[in-house]
**Q** 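So that we are looking at the same thing, I have put the structure below in structure tokens.
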Amino acid sequence: MKNTYTIIKSKQTITVNFDTKKPRLGYDSLDMSTLRTQHKYNSWDPGLKNTAVFESKICYIDGDKGLLTYRGYRIEDLVEHSNFMETTYILLHGHKPKTNELTDFTTKINLHQHRIPNDIITLLAHQSKQSDPTGILLSLMGAIASHMDTLNLKQTNPISSCLPIISIMPTLVANIIRHIQGKSWQSPHADLSFIDNFLYCLNGKKPSEDETFIMDKLCIVQAEHELNASTHNVRATTSTGANLGAALCAGIASLWGPAHGGANQACYDMLLKIGSIDQIPKYIAKAKNKKDPFRLMGFGHRIYRNTDPRAKIFQKMNLNFLKHKHDHDLFSLAIALKDTALSDPYFVDRKLYPNTDFFSGILFHTLGIPSSAFPTLFVMARTVGWCAHWLEMQENPNYPIIRPQQFYTGSKTQNFHTQTKDYKE
């Protein structure tokens, strides 16, 4: 179906026709792929807020309804009825596994957990203990990108190429945290699962059932979230023909930012700064003052304009897990801050509701993870989603390289040899 649109430039009217692409769910898209070649126009869309650049079957978000699905399964159902290994299988394969399929998949994941090259361990040992944990992880992943043969990643089956990377990520993240704490390398336990081995490597002992449960659910919720900044950059890097390790480096670098994967760290640190419930009115006022540098972290989201389903899940997990924990006071502060903000028209009118970062940091800290390392936990879970997107791009090896256009505002073409030495633009 074609739609006709009118462009007016210098009193000249140009009529253009665009095909409409209809997705399974979500908004229709105008196929503007010929806009530049046929009509000599670019579309102007800062931040790509309204531009669909990939087809995907992996994840769907309806921000108005607060809906998040992986391969069609609601995130609430996955958290309640699935586990991280099964969710990983679903994201990578596109369907729910049979019992024997999940058993075989889990066995393969566990088999690779020990296969970390010795020079990667040595590289970690030479990192400064004052370095940012996400930066260390990025350095290690860069080295791993050059170790694809050692890790048996160059295989004909693309899914098999993803499993070693997914498998070693918990060991890497746990030992990065140990390193900045001044502890020695801890190898995974042969008889422990993916989640249990992360906690075992982190603390040097087998975790409790509660710790395993919370970590498993945290990973499910953070495994995938459609075409966010880091996933877009994973796909963009993949479009250049770079290997999986390099693509994941692009994802880690993007997720490092405080507006993305670093937001849960910023939110947790903000709660510590506020300190007590009686200080909330002071900080609410500061957040509303445009001249004040303080920002209320963990509120608002580019996509969710009503409620973030992940925030609801994490709030419930905090309530159940922290009844007898020392972080319960911080959770009570978070609840009071949320209730105060959502009773204020300033935040309600701007649709600034709690997002996934608002409660997740409290859970991470209760598991013994320092706030500086929160983004590395995000990477550990999101690696699964990134691999799913990398796999999807392998299905179409002829996909064009990602190369957006710019809106140029610099100098016009100039003659260098005619300019004087003291020329200033």
**Q** Restricting to non-hydrogen atoms, name the atom on Lys96 and the atom on Glu101 that form the minimum distance, rounded to 0.1 Å.
**A**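 For Lys96 versus Glu101, the nearest heavy atoms are O-OE1, 4.5 Å.
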**Q** Keeping Thr106 on the side-chain end and Thr103 on the backbone end, is there a donor-acceptor pair under 3.5 Å?
**A**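 Judged by distance alone, no pair lies under 3.5 Å.
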**Q** Is a side-chain N or O of Thr240 found less than 3.5 angstrom from the main chain of Thr237, in a donor-acceptor match?
**A**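 Yes; at least one donor-acceptor contact below 3.5 Å.
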**Q** Identify the heavy atoms of Ser128 and Ile136 that sit nearest to each other, and give their distance.
**A**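 Shortest heavy-atom separation between Ser128 and Ile136 comes out as O-CD1, 4.1 Å.
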**Q** Tell me the closest heavy-atom pair linking Ala287 and Tyr346, and the distance in Å.
**A**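 Smallest interatomic distance, heavy atoms only, reads O-OH, 4.0 Å.
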**Q** Stepwise, does the side-chain hydrogen bond (donor to acceptor under 3.5 Å, both in side chains) test hold for Asp210 with Ser208?
**A** CA-CA 5 Å; Asp210 280 349; Ser208 68; 5.4 Å; no
**Q** Under the rule for side chain to side chain donor-acceptor pair (under 3.5 Å), what residues qualify as partners of Ser82, not counting sequence neighbours?
**A**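 Partners of Ser82 under the side chain to side chain donor-acceptor pair (under 3.5 Å) test: Glu86, Thr87.
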**Q** Nearest heavy-atom pair of Ile277 and Ser332: which atoms, and what distance?
**A**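 Reported closest heavy-atom pair: CD1-O, 4.3 Å.
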**Q** Taking the side chain as C-beta and beyond, is there a heavy-atom pair between His389 and Ser56 under 4.5 Å?
**A**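 Side-chain contact under 4.5 Å: yes.
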**Q** Could you tell me how the ring of Phe299 sits relative to the ring of Phe347: parallel (under 30°), tilted (30 to 60°) or perpendicular (over 60°)?
**A**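 Ring orientation, 0 to 90° scale: tilted.
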**Q** Hey, does the side chain of Asp45 reach the backbone of Asn50 with a donor-acceptor pair shorter than 3.5 angstrom?
**A**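 Yes, Asp45 side chain to Asn50 backbone: donor-acceptor pair under 3.5 Å.
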**Q** Identify all side-chain donor-acceptor contacts of residues 369-378 below 3.5 Å with residues at least two apart in sequence or on another chain.
**A**
{"from": "Ser371", "atom 1": "OG", "to": "Asp269", "atom 2": "OD1", "distance (Å)": "3.2"}
{"from": "Thr376", "atom 1": "OG1", "to": "Ala373", "atom 2": "O", "distance (Å)": "2.5"}

**Q** Could you tell me if the side chain of Met270 sits less than 4.5 Å from the side chain of Leu337, heavy atoms only?
**A**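 The answer is yes; the side chains approach within 4.5 Å.
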**Q** Is any side-chain heavy atom of Asn264 less than 4.5 Å from a side-chain heavy atom of Thr356?
**A**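 No, every pair of side-chain atoms sits at 4.5 Å or beyond.
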**Q** Starting from the C-alpha separation in whole Å, work towards a yes-or-no answer on side chain to side chain contact (heavy atoms under 4.5 Å, CB included) for Trp386 and Val379.
**A** CA-CA 9 Å; Trp386 291 337; Val379 171; 4.0 Å; yes
**Q** Listing request: all side chain to side chain donor-acceptor pair (under 3.5 Å) pairs with a residue in residues 394-403, at least two apart in sequence or in separate chains.
**A**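 Matches after skipping sequence neighbours: none remain.
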**Q** Just jot down the side chain to side chain donor-acceptor pair (under 3.5 Å) partners of Ser239, sequence neighbours excluded, or say none.
**A**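 With sequence neighbours excluded, Ser239 shows a side chain to side chain donor-acceptor pair (under 3.5 Å) to no residue whatsoever.
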**Q** Is any side-chain heavy atom of Thr69 closer than 4.5 Å to a side-chain heavy atom of Leu25?
**A**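 SC-SC contact between Thr69 and Leu25 ruled out.
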**Q** What's the spacing between Asp191 CG and Asp196 CG if we round to 0.5 Å?
**A**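 Going from the CG atom of Asp191 to the CG atom of Asp196 covers 11.0 Å.
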**Q** Got a second to check how far Ile335's CD1 is from Leu330's CG, nearest 0.5 Å?
**A**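 These two atoms lie 11.0 Å from each other.
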**Q** Should we count OH of Tyr27 as having more than 12 external heavy atoms under 6.0 Å?
**A**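 Result for OH/Tyr27: open.
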**Q** With the side chain counted from C-beta on, respond yes when Leu367 and Leu202 share a heavy-atom pair under 4.5 Å apart, and no when they do not.
**A**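 They are not in contact (no side-chain heavy atoms under 4.5 Å apart), so the answer is no.
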**Q** Assess the residue pair Tyr41 and Leu35 against the criterion (side chain to side chain contact (heavy atoms under 4.5 Å, CB included)); give the C-alpha distance rounded to whole Å, side-chain angles, the decisive distance to 0.1 Å, and a yes or no.
**A** CA-CA 6 Å; Tyr41 278 91; Leu35 180 63; 3.8 Å; yes
**Q** When rounded to the nearest 0.5 angstrom, what distance separates CG in Asn100 from CZ in Phe105?
**A**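 Answer rounded to 0.5 Å: 14.0 Å.
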**Q** What verdict does the side chain to side chain contact (heavy atoms under 4.5 Å, CB included) test give for Ile176 and Leu140, after you've listed the backbone C-alpha separation in whole Å, the side-chain angles of each residue and the deciding distance to 0.1 Å?
**A** CA-CA 10 Å; Ile176 288 171; Leu140 299 185; 3.9 Å; yes
**Q** Looking only at heavy atoms, what is the nearest atom pair of Ala266 and Met297, with distance?
**A**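 Of all heavy-atom pairs spanning Ala266 and Met297, the closest is CB-CE, 3.7 Å.
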**Q** Starting at OG of Ser131, measure out to CG of Leu138 and round the result to the nearest 0.5 Å.
**A**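 It is 12.0 Å, given to the nearest 0.5 Å.
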**Q** My understanding is that only residues two or more places apart in sequence, or in another chain, count here; which of them pass salt bridge (Lys or Arg N to Asp or Glu O under 4.0 Å) with Asp28?
**A**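 Testing Asp28 for salt bridge (Lys or Arg N to Asp or Glu O under 4.0 Å), a comparison that skips the adjacent residues, returns Lys22.
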**Q** Return the set of residues passing ring pair (Phe, Tyr, Trp, His ring centres under 6.0 Å) with Phe407 (not counting sequence neighbours), or none when no residue passes.
**A**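 Trp44.
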**Q** For a side chain to side chain contact (heavy atoms under 4.5 Å, CB included) check, start with the C-alpha distance between Met141 and Met169, then their side-chain angles and the critical distance, and finish with the verdict.
**A** CA-CA 9 Å; Met141 184 53 64; Met169 193 60 73; 3.4 Å; yes
**Q** Give a yes or no on whether the backbone of Val79 and the side-chain of Lys217 come within a donor-acceptor separation of less than 3.5 Å.
**A**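 It does hold such a pair.
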**Q** Kindly say whether Ala174 contributes a backbone atom to a donor-acceptor pair with the side chain of Arg178 at under 3.5 angstrom?
**A**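 A pair under 3.5 Å: no.
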**Q** May I have all residue pairs that pass ring pair (Phe, Tyr, Trp, His ring centres under 6.0 Å) and include part of residues 62-85, sequence neighbours excluded?
**A**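 Counting only pairs at least two positions apart or across chains, the ring pair (Phe, Tyr, Trp, His ring centres under 6.0 Å) contacts touching residues 62-85 are Phe84-Phe194.
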**Q** Any side-chain to backbone donor/acceptor pair from Asn175 onto Thr171? Under 3.5 Å, distance only.
**A**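 Here the side-chain-to-backbone pair exists.
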**Q** Just verifying a value: how many Å separate Ile109 CD1 and Asp104 CG, rounded to the nearest 0.5 Å?
**A**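 If I round to the nearest 0.5 Å, the distance is 10.5 Å.
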**Q** Could you tell me which residues satisfy side chain to side chain donor-acceptor pair (under 3.5 Å) with Arg382, sequence neighbours excluded, listed by chain and number?
**A**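 Scan of Arg382 (side chain to side chain donor-acceptor pair (under 3.5 Å), adjacent residues dropped) gives none.
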**Q** Extract all donor-acceptor atom pairs below 3.5 Å that involve side chains of residues 117-125 and protein atoms in other chains or at least two apart in sequence.
**A**
{"from": "Asp119", "atom 1": "OD1", "to": "His147", "atom 2": "NE2", "distance (Å)": "3.4"}
{"from": "Asp119", "atom 1": "OD2", "to": "His147", "atom 2": "NE2", "distance (Å)": "2.9"}
{"from": "Thr122", "atom 1": "OG1", "to": "Asn118", "atom 2": "O", "distance (Å)": "3.0"}

**Q** Restricting to ring pair (Phe, Tyr, Trp, His ring centres under 6.0 Å), what partner residues turn up for Tyr60, sequence neighbours left out?
**A**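 Tyr60 satisfies ring pair (Phe, Tyr, Trp, His ring centres under 6.0 Å) with no other residue.
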**Q** How about CD on Gln279, more than 12 heavy atoms from neighbouring residues, nucleotides or ligands closer than 6.0 Å, or not?
**A**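 Atom CD in Gln279 is packed in, count exceeds 12.
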**Q** Would you check if Ile402 and Val53 make a side-chain contact, meaning some heavy-atom pair closer than 4.5 Å?
**A**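 Not touching, per the 4.5 Å side-chain cut-off.
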**Q** Are Thr366 and Phe331 close enough that some pair of their side-chain heavy atoms sits under 4.5 Å apart?
**A**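 Heavy-atom side-chain distance check fails, nothing below 4.5 Å.
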**Q** Checking side-chain polar atoms at under 3.5 Å, does Asp308 have a donor or acceptor matched by the opposite partner on Asn355?
**A**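 Checked: Asp308/Asn355 side chains show no N/O donor-acceptor pair below 3.5 Å.
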**Q** To the nearest 0.5 Å, how far apart are CD1 in Ile58 and CG in Leu91?
**A**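 So the gap between those two atoms works out to 7.5 Å.
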**Q** Between Gln113 and His189, does any side-chain donor sit less than 3.5 Å from a side-chain acceptor?
**A**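 The criterion, which ignores hydrogens and geometry beyond distance, is not satisfied for His189 and Gln113.
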**Q** Is there a donor-acceptor pair under 3.5 Å between the side chain of Asn318 and the backbone N or O of Phe359?
**A**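 A pair under 3.5 Å: yes.
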**Q** Count the heavy atoms of every other residue, nucleotide or ligand shown that sit under 6.0 Å from CD of Gln405, and state whether that count exceeds 12.
**A**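 Check passes, neighbour count above 12.
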**Q** Which ring pair (Phe, Tyr, Trp, His ring centres under 6.0 Å) pairs, counting each pair once, include a residue from residues 205-234, with sequence neighbours left out?
**A**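 For residues 205-234, and leaving out neighbouring residues, the ring pair (Phe, Tyr, Trp, His ring centres under 6.0 Å) pairs sorted by first residue read His225-His301, His225-Tyr304.
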**Q** Please identify each residue that fulfils side chain to side chain donor-acceptor pair (under 3.5 Å) with Ser276, with sequence neighbours left out.
**A**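 Once residues adjacent in sequence are excluded, the partners of Ser276 under the side chain to side chain donor-acceptor pair (under 3.5 Å) criterion are Asp278.
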**Q** Looking at Arg74, I want to see if its CZ is surrounded by more than 12 non-hydrogen atoms of other residues, nucleotides or ligands under 6.0 Å.
**A**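 Open.
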**Q** Could you tell me whether Glu392 and Arg235 make a salt bridge, using a distance below 4.0 angstrom between a side-chain N and a carboxylate O?
**A**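 Looking at Arg235 together with Glu392, the answer is yes, because their closest N to O distance falls below 4.0 Å.
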**Q** Under a 4.5 Å cut-off applied to non-hydrogen side-chain atoms, are Ile220 and Ile313 in contact?
**A**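 Contact flag for Ile220/Ile313 side chains = no.
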